[in-house]
Amino acid sequence: IQLVEALFEHSVCQVDHCISCSSSVDCLACRSPYFLQLSSCKSACDSGFYQYNQTCYLSCPSGTFTLISSYSCQICSS
């Protein structure tokens with residue numbers, strides 16, 4: 001069954017290391033340890049992007065704050 005799923009993913013999604021696509025070239029989620037950045041999967045976020053939950057952001061999402069020293073986003077404490 002896993003081989004069938006892998007073949008289906010490969011035929012539908014043409015983005016390397018992607019596990020979910022909205023189209024053949026628009027990735028929605030990447031295999032660990034890759035990060036989703038602008039519809040593609042990267043081993044690390046490019047300069048100017050911040051890491052959070054396997055995704056690269058230009059600015060941190062709501063409910064998080066920017067940790068400049070590690071170019072990442074951290075969840076806000078309540």
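Because the structure is a prediction, the values reported are computed rather than measured. What you see below is based on every heavy atom in this structure, not just the backbone, and it leaves out hydrogens, waters and symmetry mates.
- To the nearest 0.5 angstrom, Leu36 atom CG is 9.5 Å from Ser20 atom OG.
- Rounded to the nearest 0.5 angstrom, Gln14 CD and Asp16 CG are separated by 10.0 Å.
- Less than 2.5 angstrom separates the SG atom of Cys27 from that of Cys18.
- Considering Thr66, Leu67, Thr64 as possible partners of Gln74, the one that fulfils the side chain to side chain contact (heavy atoms under 4.5 Å, CB included) test is Leu67.
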When the side chains of residues 50-59 are checked against the rest of the protein, which donor-acceptor pairs come out under 3.5 Å, sequence neighbours left out?
| from | atom 1 | to | atom 2 | distance (Å) |
| --- | --- | --- | --- | --- |
| Gln54 | NE2 | Tyr34 | O | 2.5 |
| Thr55 | OG1 | Asn53 | O | 3.4 |

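- Nearest heavy atom pair, residue Val15 against residue Asp26, reads CG2-N, 4.4 Å.
- Nearest heavy atom pair, residue Ile75 against residue Phe65, reads O-CE2, 3.7 Å.
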